[in-house]
Peer 1: 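Have a look at this one before I ask anything.
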Amino acid sequence: MMLKPFEAFYQLASAAKNYLYEKEIFKSVKVTPAVISIGNLSFGGTGKTPCIQFLANELSSEFKVAIVCRSYKARLKLPARVDLKNPKRAEIFGDEACLLQATLPQCQVWSGPQKYLTAKAAEADKPDLILVDDGFSHRQLRREFDLVLFDTSYLNQDYFRESLESLKRAHAVLLTKTQSASTDVIEGIRSRILKFAPHLERAIFLAKTETAVELPTSKKLFVFCGLAKPMSFRSAILDLGFTIAKFKQFADHFEYSEVAQAEILQEYLQLKKIDENLSLVTTEKDFVKLSNPELIKNIYVATHKMIVDEKQKVGLLENIRSSL
């Protein structure tokens, strides 16, 4: 990862921005619906998308829920509601926005280059509640609840765009991917958080990530992805008991051109001539960007689901509801 040299710069810039908001030199925009931010301090890959899916499914029985995403590496110049019927949907709205709309049909998903403007546009649907993807560092939009995620499987290797002191403005923390973390690791992270944010003593919750691939583990896999933490995905596949014959990684939010898709397909077909037992696997986020019919026909999609046990779920949702 090439971000380490810039970590101090990002943290300094974030501290300066936060100071200006705290002194009300800069003002946050208030929208009519309640706003919940799902964010992190690091540069990505903490499990925000499974978390939004989890929260949307839990809360949409009580509230009309809209979701706001930034159209990162997408074409949008103005906010727009995600339209999955558009053949170039991922290029226009962004991969995460399309994935969320596909998996959460009961919600309206909006995408745009600036989250606070996108949240204002989403008011057109008259939601009761807006979930903001990656919203912790986006101070332009006022929110009722800030949930911050920490990847417990990767924490010592993460680079932070904001320092842990920023947790002073968080309402709760969710430790993700705890299926890979020991009790000592989890307690160490808790202690580190509480050193900077003691008000979170009763607001640190745990979640696991469940990865599934609908294939027998006797199959060998050709896996490709464009993620912030590709090795985390690779480890999850290996933990299921699969053998990875080929692992191909691209940049996060990689745009799969027709040429790139054709190359992946050709490489897979060549390897399959050598081993008939080979299957092609990618993530849901990558799959929504693919358009090559032959490639799509050959792919198995790995799914990621956030699992929160009942006690942790009740505590987290009570924290959220009390703020609304």
Side-chain angles (χ1 to χ4, degrees), residues 1-31 34-48 51-52 68-74 76-79 94 96 110-122 130-151 154-176 189-201 203-204 228-229 251-253 323:
M1 204 172 189
M2 303 298 291
L3 296 170
K4 189 63 178 177
F6 303 102
E7 185 179 41
F9 170 78
Y10 273 102
Q11 290 187 14
L12 183 62
S14 294
K17 178 186 69 176
N18 289 331
Y19 175 83
L20 293 171
Y21 276 101
E22 285 154 16
K23 295 298 182 182
E24 298 188 342
I25 297 168
F26 290 170
K27 304 287 186 181
S28 297
V29 173
K30 178 77 173 76
V31 293
V35 175
I36 299 172
S37 159
I38 297 91
N40 49 253
L41 301 182
S42 63
F43 287 96
T46 54
K48 292 187 298 296
C51 183
I52 291 171
V68 162
C69 301
R70 182 181 167 219
S71 53
Y72 183 68
K73 289 192 176 180
L76 282 179
K77 304 298 182 188
L78 295 171
E96 288 170 352
W110 286 73
S111 182
Q114 291 181 289
K115 295 186 184 80
Y116 80 99
L117 292 176
T118 306
K120 288 185 69 67
I130 293 177
L131 302 179
V132 181
D133 177 33
D134 196 17
F136 189 62
S137 61
H138 183 75
R139 299 298 301 274
Q140 289 169 291
L141 178 63
R142 193 178 303 175
R143 48 303 209 64
E144 280 62 44
F145 196 87
D146 264 304
L147 177 62
V148 179
L149 276 54
F150 281 84
D151 178 356
Y154 210 84
L155 194 64
N156 291 331
Q157 302 169 62
D158 259 333
Y159 306 129
F160 294 103
R161 56 187 171 185
E162 291 196 57
S163 73
L164 291 173
E165 289 186 1
S166 293
L167 290 174
K168 291 175 182 177
R169 69 177 195 273
H171 296 92
V173 164
L174 186 63
L175 306 183
T176 63
I189 296 169
R190 275 182 56 87
S191 297
R192 192 173 168 191
I193 289 168
L194 293 175
K195 178 181 177 182
F196 292 92
H199 71 285
L200 295 174
E201 174 69 38
I204 299 176
K229 296 174 181 173
D252 193 21
H253 300 284
S323 70

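FYI, side chains are in, hydrogens and waters are out, and symmetry mates aren't considered; it's all heavy atoms of this structure. In this text, all values refer to a predicted model and were calculated from it rather than measured experimentally.
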Peer 1: Given side-chain contact (heavy atoms from CB on, under 4.5 Å), test S166 with L41 step by step and report yes or no.
Peer 2: CA-CA 8 Å; S166 293; L41 301 182; 4.2 Å; yes

Peer 1: Salt bridge between R169 and E162, side-chain N to carboxylate O under 4.0 Å?
Peer 2: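 Looking at R169 and E162, the cut-off is met.
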
Peer 1: From N18 CG over to R139 CZ, what is the distance, rounded to the nearest 0.5 angstrom?
Peer 2: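 If I round to the nearest 0.5 Å, the distance is 4.5 Å.
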
Peer 1: Can you tell me how far apart NZ (K27) and CG (L20) are? Round to the nearest 0.5 Å.
Peer 2: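 So the gap between those two atoms works out to 12.0 Å.
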
Peer 1: For the CG atom of N40 and the OG atom of S137, what is their distance to the nearest 0.5 Å?
Peer 2: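 N40 CG to S137 OG: 8.0 Å, rounded to 0.5 Å.
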
Peer 1: Donor-acceptor pair, distance only, cut-off 3.5 Å: does the side chain of T176 make one with the backbone of F150?
Peer 2: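 Between the backbone of F150 and the side chain of T176 there is a qualifying donor-acceptor contact (under 3.5 Å).
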
Peer 1: How far does OG of S37 sit from CZ of F145, to the nearest 0.5 angstrom?
Peer 2: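 Here the interatomic distance stands at 10.0 Å.
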
Peer 1: Would you call C51 and L147 a side-chain contact if the rule is heavy atoms closer than 4.5 Å?
Peer 2: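 The answer is yes; the side chains approach within 4.5 Å.
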
Peer 1: With sequence neighbours excluded, what pairs up with Y116 under the ring-ring contact (aromatic ring centres under 6.0 Å, His included) test?
Peer 2: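 In terms of ring-ring contact (aromatic ring centres under 6.0 Å, His included), with neighbours along the sequence ignored, Y116 is linked to no residue.
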
Peer 1: Could you state the interatomic distance from CD (E96) to OG (S71), rounded to the nearest 0.5 Å?
Peer 2: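 Here the interatomic distance stands at 11.5 Å.
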
Peer 1: Between atom NZ of K30 and atom NZ of K120, what is the distance when rounded to the nearest 0.5 Å?
Peer 2: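 Those atoms lie 10.5 Å apart.
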
Peer 1: Please give me the minimum heavy-atom distance between A119 and V68, naming the atom from each residue.
Peer 2: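 Closest approach of A119 to V68, heavy atoms only: CA-CG2, 3.8 Å.
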
Peer 1: Taking all non-hydrogen atoms of both residues into account, name the closest pair between K77 and P113 and its distance.
Peer 2: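 It is O-CG, 3.5 Å.
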
Peer 1: How far apart are the closest heavy atoms of G39 and K48, and which atoms are they?
Peer 2: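 Heavy atoms of G39 and K48 come nearest at CA-CD, 3.9 Å.
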
Peer 1: Side-chain contact, heavy-atom cut-off 4.5 Å: I130 with L141?
Peer 2: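 Sidechains of L141 and I130: no contact.
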
Peer 1: Measure across P79 and A121 and return the closest heavy-atom pair with its distance rounded to 0.1 Å.
Peer 2: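 Closest approach of P79 to A121, heavy atoms only: CB-CB, 3.7 Å.
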
Peer 1: Are there over 12 heavy-atom neighbours, none belonging to K195, within less than 6.0 Å of that residue's NZ?
Peer 2: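 No, because the 6.0 Å sphere around NZ of K195 holds 12 heavy atoms or fewer from other groups.
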
Peer 1: Is any side-chain N of the basic residue among R70 and D134 closer than 4.0 Å to the acidic one's carboxylate O?
Peer 2: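 A salt bridge is absent here (no side-chain N lies under 4.0 Å from a carboxylate O).
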
Peer 1: So which heavy atom on H199 is nearest to which on K168, and how close?
Peer 2: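 For H199 versus K168, the nearest heavy atoms are CE1-O, 3.4 Å.
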
Peer 1: Considering the options V35, I38, I36, T118, which one meets the side chain to side chain contact (heavy atoms under 4.5 Å, CB included) requirement together with V132?
Peer 2: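 Result: among V35, I38, I36, T118, V35 is the only option passing the side chain to side chain contact (heavy atoms under 4.5 Å, CB included) with V132.
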
Peer 1: Output all residues satisfying ring-ring contact (aromatic ring centres under 6.0 Å, His included) with F26, sequence neighbours left out; order by chain, then residue number.
Peer 2: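 Y21.
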
Peer 1: Quick check: does any side chain N or O of R143 sit under 3.5 Å from a backbone N or O of F136, one acting as donor and the other as acceptor?
Peer 2: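 Checked: pair present.
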
Peer 1: What's the verdict on side-chain contact (heavy atoms from CB on, under 4.5 Å) for K229 and T46, showing C-alpha distance, side-chain angles and the deciding distance?
Peer 2: CA-CA 9 Å; K229 296 174 181 173; T46 54; 4.3 Å; yes

Peer 1: For a side-chain contact (heavy atoms from CB on, under 4.5 Å) check, start with the C-alpha distance between I204 and L194, then their side-chain angles and the critical distance, and finish with the verdict.
Peer 2: CA-CA 9 Å; I204 299 176; L194 293 175; 3.9 Å; yes

Peer 1: Go through the structure and list residues passing ring-ring contact (aromatic ring centres under 6.0 Å, His included) with Y72, not counting sequence neighbours.
Peer 2: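 Here the qualifying residues are H253.
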
Peer 1: List the atom of V173, the atom of L167, and the distance in Å for their closest heavy-atom pair.
Peer 2: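 Heavy-atom minimum between the residues: CG2-CD2, 4.2 Å.
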
